[in-house]
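Just below is one structure, and these are the notes that go with it.
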Amino acid sequence: MFHLLEKRVQRAFHHHIQARYGIDLAIAIEQPKQAEFGELAIPVAFQLAKQRKQAPKKIAAELVADIGAIEGISALEIAGNGYINVRFDRAQYGAALLEAVEEVPTATAEKIIVEHTNINPNKAAHIGHLRNAALGDTFVRMLRARGKRVEVQNYIDNTGVQVADVVVGFHYLEHKSPDDVKRLIADPAVRFDYYCWDLYARTSAHYKEQPDSIEWRSQTLHAIEAGSGEQAEIGAIVADAIVGAHLKTMLRLGVEYDVLPRESEILHLKFWSAAFELLKERKAIYLETEGKNKGCWVMPAAAFSEDSEDSKVIVRSNGTVTYVGKDIAYQLWKFGLLGKDFYYRPLHVYADGRVLWVTTDQPPTSESRIPAFGRASRVYNVIDARQSYLQDVVVAGLRALGFDDQAGQSIHFSYEMVALSPRCCAELDIPLSEEDRRRPYVEVSGRKGLGVKADDLMDKLIEKALEEVASRHPEASAEEQRAVASQIAIGALRYFLLKFTRTSVIAFDFQEALSFEGETGPYVQYAVVRARSILRKLEEKGERVPDFRAELSSGALGRQLHSEDFWQVLLAASKADAALERAVTAGEPAHVAKYAFQIAQEFNNFYHLYPIIHEQDREKKVFLLWMTDFFRAQLERTLGVLGIEAPPYM
RNA sequence: GCGCCCGUAGCUCAGUUGGAUAGAGCGUCUGGCUACGAACCAGAAGGUCGGGUGUUCGAGUCACCCCGGGCGCACCA
């Protein structure tokens, strides 16, 4: 509702200024510094002052005098040197909230693709991957909440170096056959993704000790790319098993996908050759004939960087294509520009009925209905900031091909890494060099097996939450306690990963991540639980939740909202749409997290200040109950966007 | 060397795209459970927004120059 009025005021001023001065001005809307100043502040007079060569105060006065009435607005006031402060008609505002008058986001036909998670399928997921998935998944929920059509992709690099390294471990170090590996996967006593975590680190260490053994990697890589032989078989077995493990891990966080495009299909369905032809035909790349890149197909530096002099190799002198090359092909496919498509088969059906598809190189045998994937009008790639250089090259590739629009709609949704705090390393018994000890944080390294595994962290969180739940609700069944503890743990984890803005490096620390107090997910969940509990208690007392629309007249709302306290609290709770819109525009899930915390805080305060069930005055009691219910709905909705569930009790 | 990110309270971080007197959480100190469960609430202390110079009605926010820290700049992904 707040957002609706905000936009209405913005439109009114825009029209008026255009009519009056003939200026097409973007109207900025701000929050007044002090609540007493009103609900909105417009600094437009300052903007106009320069062009009109008049005092801001005078312009503000003219605007206020002539703009006329705006629906839902009770007053426009001039303050300070020329601010225009806007006051809402409280009774009307309350009535609109009561009637649930909301702007319905216009459903668009255009599709947005969000690609996230993208974990190499060769070892267990770690906290860095969790940040990626939490950011991506939340952004998807934000877009969907604003009415956008979104397709979620999780790219699987199942034929890359990292998978090859684990295959090297199985084949050369452990002398295991494909059947041995299958038995290992089937063994309930073994956590296969954890096993690979260690094996990957062991293989990497082996390369260091015996540099000649690096030859094993290229042999294996070739075998995998050719798709034949024992190593290729092990590669496929490992990658499929690990993808399964990752999907399970992510599902614990509530993260789902629509489709898993795999690198093996990009290879086998010759996506690259189609892209290669395009790039050559449009002269986006050329065959280098001299220097260190002699014999390679390269993209000239000028295409993607203003200062760099090094061109980027797309096809190596041995004829193989680099990762960036494949990524250009994949990005072209996302926009429907490649002239090719994958085949698909269903991989999994989620509890909510959503079907997860995976790409395949085999045409479908039956007439199954396959959704149309790709062909998006905008693409967000959730990839950490360390890869921005490569993302720039991919975008430059599209631009060089003449796809300027799509290049502009290719958005690197970048975020900083998750590192380990020194204290965290100490707790994990990770030995630190003298140099590392002086650093503010230590980078996670899969190669060194250095990091916090996602499932371990979730287990730890659940264990801690379970202690709390068990002590507070000893009467509940163990199963129920565990379910509640799990919701709290996941709420804490998702909130922790989302509360930081994307540009902030997270120095992971158990003490902070395991906290359930203060600015945390459980704090917000607790507010919802309390609101629900009030409504439940009311019914337990034999009363009924009132019919708010029938009992709360506009007059009653006006009387109750005359209280500055109630008005401010209701106002805060009604800003969900505005907060969400801002967060989507900024591409910043942290804004949603912040808003959730703010209104939870407002509610907790309200909860303490006003006895609700025991209120004697009928009108006031109904009003307070309505506020409680309104808060509950807004909190639940905002938590939903964050992918956090509210437990039945805490 | 070049590029990107960060520097705000003791610690961890926000700061609505340049607006009014810079805000949270944690920690510290003080107070509040026979109200709808205290995973909560109230209060206090705590700031040269890394430094400097500009831009203008106005700068934590923009430009430039420094200082400190991080990450990139492969025929790896």
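Only this structure's heavy atoms are used, side chains among them; waters, hydrogens and symmetry mates stay out.
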(request) Using the test side chain to side chain contact (heavy atoms under 4.5 Å, CB included), find all partners of Gln54(A) that sit at least two apart in sequence or belong to another chain. (result) Arg52(A), Lys58(A), Ile59(A), Glu62(A)
How would you label the contact of [X] with the nucleic acid (heavy atoms, under 4.0 Å): base, sugar-phosphate, or nothing?
{"X": "Tyr441(A)", "answer": "sugar-phosphate"}
{"X": "Gln601(A)", "answer": "sugar-phosphate"}
{"X": "Phe46(A)", "answer": "base"}
{"X": "Ile488(A)", "answer": "base"}
{"X": "Ala583(A)", "answer": "nothing"}
{"X": "Gln31(A)", "answer": "base"}
{"X": "Leu538(A)", "answer": "nothing"}
{"X": "Lys294(A)", "answer": "base"}
{"X": "His412(A)", "answer": "nothing"}
{"X": "Asn118(A)", "answer": "nothing"}
{"X": "Gln34(A)", "answer": "base"}
{"X": "Val524(A)", "answer": "nothing"}

Short side-chain N/O contact to [N] OP1/OP2 from [X], under 4.0 Å:
{"X": "Ser533(A)", "N": "G37(B)", "result": "yes"}
{"X": "Asn318(A)", "N": "C75(B)", "result": "no"}
{"X": "Tyr523(A)", "N": "C41(B)", "result": "yes"}
{"X": "Arg530(A)", "N": "A38(B)", "result": "yes"}
{"X": "Lys33(A)", "N": "A20(B)", "result": "yes"}
{"X": "Lys537(A)", "N": "G37(B)", "result": "yes"}
{"X": "Arg439(A)", "N": "G70(B)", "result": "yes"}
{"X": "Tyr323(A)", "N": "A77(B)", "result": "no"}

(message) Could you tell me if the side chain of Arg146(A) sits less than 4.5 Å from the side chain of Leu580(A), heavy atoms only?
(response) yes
(request) Determine the minimum heavy-atom distance between Ser311(A) and Asn293(A), stating which atoms define it. (result) OG-ND2, 3.8 Å
(message) Only pairs with both distances under 3.5 Å count, Watson-Crick or wobble alike; so what is the partner of C4(B) in this structure?
(response) G70(B)
(message) Please name the nucleotide paired to G23(B) by Watson-Crick or G-U wobble geometry with both distances under 3.5 Å, or report none.
(response)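 Its partner is C13(B) (Watson-Crick or G-U wobble, both distances under 3.5 Å).
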Could you check how far [atom1] of [X] sits from [atom2] of [N], rounded to whole Å?
{"X": "His3(A)", "N": "U16(B)", "atom1": "NE2", "atom2": "C1'", "answer": "13 Å"}
{"X": "Glu543(A)", "N": "C36(B)", "atom1": "CD", "atom2": "C1'", "answer": "12 Å"}
{"X": "Glu539(A)", "N": "C36(B)", "atom1": "CD", "atom2": "C1'", "answer": "14 Å"}
{"X": "Asp392(A)", "N": "G72(B)", "atom1": "CG", "atom2": "P", "answer": "15 Å"}
{"X": "Leu40(A)", "N": "U16(B)", "atom1": "CG", "atom2": "P", "answer": "17 Å"}
{"X": "Arg582(A)", "N": "U17(B)", "atom1": "CZ", "atom2": "P", "answer": "8 Å"}
{"X": "Asp157(A)", "N": "A77(B)", "atom1": "CG", "atom2": "P", "answer": "8 Å"}
{"X": "Glu416(A)", "N": "C4(B)", "atom1": "CD", "atom2": "C1'", "answer": "8 Å"}

To the side chain of [X], which of [options] is closest?
{"X": "Tyr389(A)", "options": "G72(B), A77(B), G37(B)", "answer": "G72(B)"}
{"X": "Val313(A)", "options": "C36(B), C75(B), C40(B)", "answer": "C75(B)"}
{"X": "Glu468(A)", "options": "G69(B), A20(B), A39(B)", "answer": "A39(B)"}

(message) Check for me whether Lys460(A) meets the cation-pi criterion with Phe510(A), that is, NZ or CZ under 6.0 Å from the six-membered ring centre and within 45 degrees of the ring axis.
(response)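 Checked: cation-pi criterion met.
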Separation of the [atom1] atoms in [N] and [M], to the nearest angstrom:
{"N": "G18(B)", "M": "A59(B)", "atom1": "C1'", "result": "7 Å"}
{"N": "G68(B)", "M": "G51(B)", "atom1": "P", "result": "15 Å"}
{"N": "C29(B)", "M": "A9(B)", "atom1": "C1'", "result": "16 Å"}
{"N": "C73(B)", "M": "A63(B)", "atom1": "C1'", "result": "26 Å"}
{"N": "A20(B)", "M": "G37(B)", "atom1": "P", "result": "41 Å"}
{"N": "G7(B)", "M": "C40(B)", "atom1": "P", "result": "28 Å"}

(message) Going by side-chain hydrogen bond (donor to acceptor under 3.5 Å, both in side chains), name the residues that satisfy it together with Gln525(A), two or more places apart in sequence or in a different chain.
(response)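 Not a single residue meets the side-chain hydrogen bond (donor to acceptor under 3.5 Å, both in side chains) criterion with Gln525(A).
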(request) Could I get the full list of side-chain hydrogen bond (donor to acceptor under 3.5 Å, both in side chains) partners for Glu265(A), not counting sequence neighbours? (result) Arg262(A), Thr359(A)
(message) To the nearest 0.5 Å, what is the distance between CG on Asp327(A) and CD1 on Ile266(A)?
(response)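 Spacing of CG (Asp327(A)) from CD1 (Ile266(A)) equals 8.0 Å.
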(request) Would you mind building the protein contact string for nucleotides 9-15 of chain B? One character per nucleotide, 5' to 3', B for base within reach (heavy atoms under 4.0 Å), S for sugar-phosphate only, - for untouched. (result) ---SSSS
(request) Would you kindly check whether a donor in the side chain of Ser317(A) faces an acceptor in the base of C75(B), or vice versa, at under 3.5 angstrom? (result) yes
(request) Answer yes or no: side-chain N or O of Asn122(A) and base N or O of A77(B) forming a donor-acceptor pair under 3.5 Å. (result) no
(message) For Asn381(A) and Gln331(A), which I'm curious about, is there any donor-acceptor pair between the side chains at under 3.5 Å?
(response) yes
(message) Can you list everything that forms a salt bridge (Lys or Arg N to Asp or Glu O under 4.0 Å) with Lys464(A)? Sequence neighbours excluded, please.
(response)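 Expected list: none.
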(request) Please list, chain by chain and in numerical order, all residues satisfying salt bridge (Lys or Arg N to Asp or Glu O under 4.0 Å) with Glu288(A), sequence neighbours excluded. (result)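 Salt bridge (Lys or Arg N to Asp or Glu O under 4.0 Å) check on Glu288(A) returns nothing, list empty.
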Could you give the side-chain donor-acceptor pairs of residues 26-40 of chain A under 3.5 Å, partners two or more places apart or in another chain?
from	atom 1	to	atom 2	distance (Å)
Gln31(A)	OE1	Lys575(A)	NZ	2.8
Glu39(A)	OE1	Phe88(A)	N	2.8
Glu39(A)	OE2	Trp567(A)	NE1	3.0

What's touching nucleotides 32-35 of chain B from the protein side, N or O pairs under 3.5 Å?
from	atom 1	to	atom 2	distance (Å)
A35(B)	O3'	His614(A)	NE2	3.2

(request) Using the side chain to side chain donor-acceptor pair (under 3.5 Å) rule, collect all pairs that involve residues 588-600 of chain A, keeping only residues at least two apart or in two chains. (result)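 Pairs touching residues 588-600 of chain A that pass the test: Glu519(A)-Lys594(A).
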(message) Run the side-chain contact (heavy atoms from CB on, under 4.5 Å) test on Asn118(A) and Asp157(A) for me, step by step, so that the C-alpha distance in whole Å, both residues' side-chain angles and the decisive distance to 0.1 Å come before the verdict.
(response) CA-CA 8 Å; Asn118(A) 300 7; Asp157(A) 184 3; over 6 Å; no
